[in-house]
Amino acid sequence: MAIETPIDPRTRTRDQIPEEFTWNLSDIYPDWNEWESGLAEFEKKLAGYAELRGTLAQGPDRLLGAFRLEDDLGQLSYKLWYYAGLNYDQDQRDNTANARRQKVQILFAKAAEARSWFTPELLRIPLATVRAWMDANSDLAVYRFAIERTYHQQEHVLDENGEHLLSLSSRFGDTPHDVHSMLANADIKHPVITLHDGRQVTLTYAQYNALLQTSRHQPDRAAAFDAFHGTFAANQNTYAAVYNGVLQRDWFIAQARQFKSTLEAALHGNDIPTAVVENLVATAKAGTEPLRRYHRLRKRVLGLETYHAYDQLVPLIDFDRKYEYSQVIDEVVESMKPLGAAYQQNVRKAFEGRWIDVYENPGKRSGAYSAPVYGVHPYMLLNYNDTLDSVFTLTHEMGHSMHTMLSEAHQPFVYSDYTIFVAEVPSTLSEMLFFDYKLSRTADQRERIVLLQHAIDDIVGTFYRQCLFADYELQAHRLAEQGEPITADTLSRVYFDLFKAYHGDSMTYDDSAQITWARVPHFFGSPYYVYQYATCYASSAQLIQKITSENIDEQREGVERFLDLLRAGGSDYPMNLLKRAGVDLSTPAPPEAVVRQLDKRVTQLEQEIERL
Ligand SMILES: [Zn+2]
C-alpha cells in the first residue's frame with residue numbers, strides 16, 4: 001500500500017486541494033463563454049431604460065415594466081458579478097479574472113447611468129396616484145414596500161438645486177475618510193520594538209494583534225501597546241482635525257436635509273428610531289458588571305499583578321486541538337437541530353454541493369464571507385485552518401447562507417436582499433447554537449474553558465466594544481451639533497471616560513489608550529455603523545432563549561418566528577421584521593438579554609476554572 005505524504009495545507013497550491021473542498025463555480029456559468037453571453041444580454045437589456053424614460057406617468061403598466069426591467073437586470077448582475085468576483089477571490093494573482101471583474105464594474109457604472117432618471121421620475125408622480133395604481137394592479141402591488149420606501153426617503157430630498165449642490169459636495173465629503181486611510185495605512189510608520197528575548201518585531205496591524213493574542217510575556221504586550229498607540233498619538237492633532245471633518249460633514253448634511261440630529265439622519269433610511277441607539281448604549285453601560293467580573297477573573301487566572309487594556313486578548317490556557325474540516329461537518333449540521341430537519345437539510349446541501357471553498361491557497365483572498373448568488377445558491381469563502389475559531393467562522397457564514405436561501409425562496413427578487421441591520425442575526429445565532437452544542441457534549445475541561453472564553457470574547461467584541469464605540473460616535477457628533485470645539489484632547493477625553501465607565505476598577509489605565517479612537521476605521525469611513533453589530537447580537541441573544549427553551553410550545557414558536565425573519569428577507573423595515581420575530585429594539589429587553597448571557601457565561605467559566 002502506497003503511503004502518500006500529506007502536503008502542508010498552508011503551502012498547497014490550488015490544484016493540490018481535493019475538488020470536494022473547493023467551490024463549484026460552474027453552477028453559475030459553465031464557462032467564460034456563457035458569462036460573455038450574459039454580459040451581452042445585460043447590455044442589450046439596458047436599452048429598455050431609454051424606451052421607458054419619460055413614460056412612467058402614463059400608467060401602471062409602464063411603471064410595472066420599469067420594475068420588471070430592474071428585476072431582470074438585477075438578477076443577471078448577481079451572476080455576472082460573482083462569477084468573475086469569486087474566480088478572482090480564489091486567486092487574486094489571476095489578472096484575467098481581475099480584468100473580467102473590472103469589466104462588470106464598468107458595465108454596472110453604465111447601468112447606473114442608464115437608470116439614473118428612474119427614481120426622480122417616479123417621485124414626480126404623486127404618491128396617491130401610485131397607491132391607486134397598486135390597489136388596482138396586483139402585479140404592481142408586489143413592489144409596494146419598495147415604492148413606499150422610496151417616497152419615504154424623499155421626505156428629506158431637496159429641490160433640484162439643493163440636490164445638485166449636495167451632489168457637488170459629495171466628492172470632498174469623502175475626503176476625511178481618504179485622509180484617514182492614507183494616514184493610518186499608506187503613510188504610517190509602523191514602530192519596531194525589541195521583545196524580551198531580543199527578537200525585533202515591526203508592529204503592523206496584523207503583527208500587533210498577533211502579539212497581543214499570543215504573547216504570554218506581559219512586558220512585551222505593554223511595549224507593543226505603547227509603541228502602537230504612540231504612532232497614533234504622534235499625529236493626534238491631525239487625526240482630530242480629520243475626525244472633525246467627518247463630524248462637520250455629517251452635521252452639514254443633516255442640517256441641509258432638515259434632520260434634527262446626525263443620528264436621526266443616519267437612521268432615517270431604515271426607519272429606525274433614534275431611541276434604539278440611545279437605549280442600546282445606555283443599557284450596555286449600565287450592564288458592565290459581568291464584563292468587569294470577567295476581567296477580574298482573567299487577572300487572577302493569568303496571575304498578573306496589574307491588569308491592563310493589552311491583557312484582554314491573551315488566551316486563559318494553552319490549547320492546540322485541531323478541528324479537522326471533514327470531522328466538524330456532522331457536528332455543524334447536528335448543532336442546528338433546534339431549527340428543524342428542513343433547515344439541517346439545507347445546511348447539509350451546502351456542504352455536499354460544493355458551495356464552500358474551504359482551504360487557503362496562494363493568492364486566495366483572506367478572511368471569510370458568504371456570497372448571495374441570486375438564482376444559483378450562496379457560496380462561502382473560508383480560510384479554514386483547523387482551529388476552533390475557524391469552526392465558528394464556518395457556522396457564522398453558514399447562518400448568512402441559510403438567510404440568503406430562505407429569503408430567496410420566499411420573496412420576490414426585489415426583497416430577496418436583506419439589510420445589514422438584520423444580517424448579523426442568523427450568523428451570530430448560528431454561532432450560539434454551535435457553542436451550546438459543543439459545550440453540552442464535551443467533558444474535556446480545557447476544551448470547556450476555551451469554548452467559554454470564545455463565547456465571552458465574542459460578546460465583549462461584538463456587543464460591549466461596539467456599544468462603547470457607538471456611544472463615542474454619538475457623543476462626538478453631539479459636540480459638533482452643539483458647536484463645541486473639537487480637539488485631540490476633547491476626543492481622547494470622551495473616549496477614555498467611556499472606557500473607564502465600562503471597565504471600572506477591573507483595570508489599570510494607561511494614558512496611551514486614550515488615543516484609541518484615532519485607529520478605528522469605522523469612525524472615519526462609516527459613522528453610525530457599528531451599533532448594528534450590537535443590535536444584531538442583542539436580537540440573537542433574545543431569540544435564542546426561545547429557540548433553545550425546554551418548553552416545547554415556546555421552542556416551536558421561537559423557531560417559527562426566527563425562520564419567518566429569515567424568510568422575510570428585505571420585505572419590510574428591519575425594526576418591523578424584528579418585532580414580528582419578537583424582538584423590540586426600542587426597549588432595553590434585547591441588550592439586557594446579552595448582559596444576562598454574559599453573566600451566565602462568566603459564572604460558568606469561574607466554575608470550570610475552579611475545577612481545573
Ligand atoms: Zn457576518
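This is a predicted model, so every value here is computed, not measured. Each ligand, and each atom within it, is numbered from 1 in the order the structure gives.
Inclusion of Glu397 in the first shell of the Zn ion (ligand 1) is not supported: no N, O or S atom falls under 2.8 Å.
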* Report the C-alpha separation of Arg354 and Glu19 in whole Å, then their side-chain angles, then the decisive distance to 0.1 Å, and conclude whether the salt bridge (Lys or Arg N to Asp or Glu O under 4.0 Å) test is met. => CA-CA 8 Å; Arg354 290 182 57 209; Glu19 198 180 67; 3.5 Å; yes

* Test log, rule ring-ring contact (aromatic ring centres under 6.0 Å, His included), inputs Tyr239 and His180 -> CA-CA 7 Å; Tyr239 280 109; His180 180 263; 5.7 Å; yes

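Counting heavy atoms from C-beta on, the side chains of Arg293 and Thr603 come closer than 4.5 Å.
Of all the N, O or S atoms in His400, the one closest to the Zn ion (ligand 1) is NE2.
With Tyr472 as the fixed residue, the ring pair (Phe, Tyr, Trp, His ring centres under 6.0 Å) test singles out one of Phe523, Phe499, Tyr502: Phe523.
With the Zn ion (ligand 1) as the vertex, atom NE2 of His396 and atom OE2 of Glu424 span an angle of 140° (nearest 10 degrees).
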